[in-house]
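Single-structure report; data block below.
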2 protein chains.
Amino acid sequence: MAATQRIPHGLDQRESGRQQVFDAIRQAGRIARIDIARETQVSPATVTAITSELLAAGLIEEVVPEGDRPGAKRGRPRVSLKVRGAAHLIAGIKITDRSATVILVDFEGKTVGEYDQELPGPVMSAEELVVLVREALTGACAAAGRRLSDLSGVGLGLAGLIDATRNFVHWSPALDQRNVELGQMLSQAIPVPFFMDNDANLVAKAEQLFGQARNLSDFIVITIEQGVGMGIVIDGKIYRGERGCGAEFGHTKVQLDGALCRCGQRGCLEAYVGDYALLREANIRGSAQPEDDLSALYARAKAGDAMARSIFDRAGRMFAMGLANVINIFDPGLVILSGEQMTFDFLYSEDVLNRVKESIVQVDAPLPDIRVHKWGDLMWAKGAAACAMEGVSELTIRKLAANAA
Amino acid sequence: MAATQRIPHGLDQRESGRQQVFDAIRQAGRIARIDIARETQVSPATVTAITSELLAAGLIEEVVPEGDRPGAKRGRPRVSLKVRGAAHLIAGIKITDRSATVILVDFEGKTVGEYDQELPGPVMSAEELVVLVREALTGACAAAGRRLSDLSGVGLGLAGLIDATRNFVHWSPALDQRNVELGQMLSQAIPVPFFMDNDANLVAKAEQLFGQARNLSDFIVITIEQGVGMGIVIDGKIYRGERGCGAEFGHTKVQLDGALCRCGQRGCLEAYVGDYALLREANIRGSAQPEDDLSALYARAKAGDAMARSIFDRAGRMFAMGLANVINIFDPGLVILSGEQMTFDFLYSEDVLNRVKESIVQVDAPLPDIRVHKWGDLMWAKGAAACAMEGVSELTIRKLAANAA
DNA sequence: TGATTTAATTTGATACGCGAAAAAAATAGT
DNA sequence: ACTATTTTTTTCGCGTATCAAATTAAATCA
C-alpha cells in the first residue's frame, strides 16, 4: 500500500522551473518570454535565465516575430520561442495483433516518418517481441534516412495490463507469458531509453500534449479498439492506481449477473459493446446464417434491419450507462471518446450522448464536455511517441540541471 | 509591506517544508527530529530549523523521552515532538435532519466538548441555518467553558452537493434553496474561518488524519447514512472533480432503466440500497401491513422471513456491483466502508465482500484491502473538525512563513 | 530627434535547504 | 573517575533558485 511518498525535497521530482517553463513553451507552440512569465507565474527575470539555458542546450529556439499581433504596436517587439524540433528524434511503436506500427517524430511532435512491420503471428515470446521491435525501429529509421542511434527515446504501446512505472508487463494479449520485465529486456537489446504504457494511457498522453486536452490537467479518455479502455488524467498526471491496473472501464459491470465476458466474469461493459459481444448476439438471436463480420451487421442495422438495430441499440444504452457512471464518479471537465473504427460509431451517436447526459447528477453548472475525436491509423503509435517525448524532455532537463551544478 | 501579492514561487502550491514537517509530526503523534528527517527526506539541519520555528510559534512542543526504546541505549537521547493541543481550539459541526451536532477538539484532535442542538425542522432557509450554526457553536463553547472567540476554525458538514473550494452549496436536503453562498454568509455572521464539505469527504479527511488511512495517500471511503456517499483521496488530496460534484457513488447506475430514485433518474444504486428504497420494496411486495420501520424489517430478515431477506439480498448484490465498479476504476489500495447504523450491516457482510472480490479484474497482485470502520455517533462531526484542523494548520503555517519575511 | 511604450536582461538581495563540522548528552569500558 | 564511543541535535558556510527593481533594447509616435 502506498505510504505517503515523501518527495525528496530538492529539485529532484518537482517541476524545477525549467520543466514548468519548457512545458509552457511546448504547450503554447510559440510564445514570448513575457507570456511565459504570465502563464507560469514565474518572474520575467527567471524566465530569461531559464530560457537562455534551454537555448544554449539547443532544446528551444527563437523565431522571427510573427507578422501582425492585433493591437499593441509600440514597444520592443516580443520574440517568440518554440521547441527545437531537431533537438531529438523520437519513436512511437504500437503492437497490434497484426503488425507493429512505428512513427518517428521530432521534438516538436512533427511526424518525420512512418513504418509498418508485419507480425509473424498475433502472440509471441518476449524475446521474439524484442527482436521484432528492434527490426521495426531499424526499418523505420532507415526509411527516414536516419539511424537507430539517432533516437533519443522510444515509446511502446501494448494492450493489456502494463505497469508503466516499472516498464513491467503484468499481462498482454501479444505475449505468451505473464509478468515480463520487458523494459529491462528492451533496454539491454537496444541502447535507448524506453517508455511503455497501456494503450488507453498513450492516447490520453497524446491528447494532453497535442490533442484536444492541451492545457487541461484533468480529463478522461475512453478508447474503443478491440476492447474498451480508459485513461484518466488527474492533476496533469496519468492516474494508475495502486497496482497499476486501474481504469478498467471495459470491465465495470453494467448488469447484475449479466452477459459472459471473455474475462470470465459476468455483466462487464465489454461483454455488451465489444465486437465479439455484438457478433455473439447476432448469432444467438436466430439470424438465418451465422454472422462473423461486424461491418456487415452494422450495415444491416443502418439499412433498417430490426434485429441488427436492436443489438446496437442495447450496446449503446449499456455504454451510455457505463460512461455516465464514470462521469458521476469523476465529474470531469472533459471526456474524449477516441476511436478509429467506424464500426463503433453507434457508441458516439447523439442518442447515446443524450442518454449519458440524462444519467448524470444534475447541478446548475455546465455539463462536462464530451467530445468525439477520431484519429487516423497512427493514433496509437503517436500516443506512444507522445509518451516518449515527455519522458525524454524530463530526462534531458534533469540532466541539464545536474550539469549546471 | 510587500506591494503586489504575487505568490512567491516557493511556498505557493507545494508543501513548503514547514507543512511537510508539521504533517509528519501530526501523523506520527510523537516523533524525534531525526525520525522526521528520515521520513520526510529533509535534512536534519533543516528539520532543526523548522521545528524551532514551530516551537517558537507554539504549534508543537517537546515531550519528555518515553520510557524505554528497545535496543540502542547509548548516545544522546532523542527528544520527541508533538502537536501542541492548546495551540488551537477547533469545532466540527454536522447538520442532520434532526439536529446539529457539534464537537470541539484541540489542535491534537482530542475531544474537549460535545454539544447537540435540536433543529426546528428538517429543512430551513440559509439565514435560519446561519443563526442555528451560531447558536450551536455558542452553546458548545459555553458548555466547554470556552468562548466563541476562542475558536480558530470551524468545519461544517452538510449532506448534498457542496463545492468545498468555494464554500458553496449547489444543493442540500437541509436547505430550502439551491445555489447558496453559505460560506460567505457564515463568515459574515461568525468571525471565524469556515471550512465546509460534503459529508463523505469529511469522513475521508477524518480517516486520513486520525483513522485507518493514516499515512496513506490514496484510498476511498464509502459512507452510508441516508444516502450512499463516497470520498476519494488521491495523492493525499480529496478529489473533487471539475464542478465540485464528483464521487456521486450513490447515483451511479446499477440497472438499465431500473428503479426510480429520489433524484428523478432510474437505476441509481441509492434506489436499491437507500432506506427509502428498502421500505418501498417491502410495501410493494404485498406485505400484510404497511412497513415503515427499517430495523423491524431487518429483524424480520434476520429471523428468516423470506421476503424481507430477499429485499436485503438484492440490495447487497447491487451494492457489491457498484463497489466493484469503483474498484475497477480506481484500483485503490484501501477501501473503507464507513457507517453508523446497524441497519446497514447487511451491506458489509462477508457475502457482499466476497461478491465484490469476484467482480474485480484479476491480476497477480494482492487484492485491495476492504475494511469496515464503524464510528460512533460523532463520526460526522469529527470529520468536520478534521477538515477544519487541516485548514487551520495550513493557514497558521502560511501566516508563519509570511511573518518570517 | 526625442518621448513613449513594451520586452528582455542585468543586478542585488533573500530565503531555503544541504553537507560538514561541532556540540550536546547519554552509555560503555578500563 | 575519566576517557572513548555512540547518537542526536545544532551551528556554520555555501550554493541554488527566485524575485523586485533598475536597466537596457527595440520598436512606434509625434
Side-chain angles (χ1 to χ4, degrees), chain A residues 6-12 14-21 31-38 40-56 62-81 397 400-405, chain B residues 1-21 31-38 40-53 55-56 62-81 397-398 400-405:
Chain A
R6 292 292 177 196
I7 307 143
H9 204 251
L11 26 134
D12 193 32
R14 99 170 168 264
E15 302 232 333
S16 160
R18 282 176 253 255
Q19 276 291 353
Q20 220 179 119
V21 168
I31 185 173
R33 290 176 177 80
I34 186 111
D35 289 324
I36 299 176
R38 235 186 295 281
T40 60
Q41 303 275 46
V42 169
S43 77
T46 306
V47 170
T48 291
I50 291 175
T51 52
S52 69
E53 203 183 4
L54 295 177
L55 275 167
E62 297 192 332
V63 242
V64 283
E66 345 83 67
D68 9 75
R69 205 159 48 84
K73 290 180 180 178
R74 298 225 286 200
R76 177 173 175 171
R78 40 186 65 186
V79 182
S80 288
L81 300 169
I397 288 172
L400 196 67
N403 276 7
Chain B
M1 313 299 172
T4 332
Q5 259 293 12
R6 180 177 280 162
I7 315 129
H9 197 243
L11 344 159
D12 179 31
Q13 173 74 256
R14 103 174 156 265
E15 306 227 333
S16 159
R18 280 175 255 254
Q19 277 290 352
Q20 220 178 121
V21 168
I31 186 172
R33 291 177 178 78
I34 186 112
D35 289 325
I36 300 176
R38 237 187 294 283
T40 60
Q41 305 275 43
V42 169
S43 77
T46 306
V47 171
T48 291
I50 291 175
T51 52
S52 70
E53 203 183 7
L55 274 167
E62 296 191 334
V63 241
V64 282
E66 344 83 67
D68 9 75
R69 207 157 48 84
K73 290 180 178 177
R74 298 222 286 198
R76 176 172 176 171
R78 41 185 64 187
V79 181
S80 288
L81 300 169
I397 288 172
R398 191 162 303 169
L400 196 67
N403 276 8

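The figures that follow rest on heavy atoms only: side chains count, while hydrogens, waters and symmetry mates do not. First the proteins, then the strands, lettered A, B, ... as listed; each starts at 1.
The distance from atom CZ of B/Arg38 to atom P of D/dT8 is 6 Å, rounded to the nearest whole Å. The separation between B/Asp35 atom CG and D/dT9 atom P is 8 Å, rounded to whole Å. Atom CZ of A/Arg33 and atom C1' of D/dC19 are 18 Å apart (whole Å). What separates CD of B/Glu53 from P of D/dT9 is a distance of 18 Å, to the nearest Å. As rounded to whole Å, 14 Å separates atom P of D/dT8 from atom CG of B/Leu81. For the pair A/Leu55 CG and C/dT9 C1', the interatomic distance rounds to 13 Å; values are reported in whole Å. Rounding to whole angstrom units, CD1 of residue A/Ile50 and P of D/dT16 are separated by 15 Å. Between the P atom of C/dA8 and the CD atom of A/Glu62 lies a distance of 9 Å, rounded to the nearest Å.
Distances were taken from every side-chain heavy atom of A/Ala45 (C-beta onward) to each of D/dT9, C/dA7, C/dT11; the shortest belongs to C/dT11. Minimum atom distance to the side chain of A/Thr46 is reached by D/dC19, of the listed C/dA7, D/dT9, D/dC19. When each of D/dT9, C/dG19, D/dA17 is scored by its nearest atom to the side-chain atoms of B/Ser43, the top-ranked nucleotide is C/dG19. Residue B/Thr48 has its side chain nearest to D/dT9 when only D/dT8, C/dG17, D/dT9 are considered.
Here the straight-line distance linking atom CD1 of B/Ile36 with atom CD1 of B/Ile50 works out to 9.5 Å at 0.5 Å rounding. Between the CG atom of B/Leu400 and the CD atom of B/Gln19 there is a distance of 10.5 Å, given to the nearest 0.5 Å.
Shown here for A/Leu81 and A/Glu62, the closest heavy-atom pair between the two residues is CD2-CG, 3.6 Å. Among all heavy-atom pairs drawn from B/Ser43 and B/Ala37, the shortest one is C-CB, 4.3 Å.
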Quick tally for nucleotides 23-30 of chain C: nucleotides whose base has a protein heavy atom under 4.0 Å get B, sugar-phosphate-only ones S, the rest -, giving -BBBBS--
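Taking the side chain as every heavy atom from C-beta outward, A/Arg33 and A/Arg38 never approach each other to under 4.5 Å.
Not a single donor-acceptor pair under 3.5 Å links the side chain of B/Thr46 to the backbone N or O of B/Val42. B/Thr51 contributes a side-chain N or O that, together with a main-chain N or O of B/Val47, makes up a donor-acceptor pair within less than 3.5 Å.
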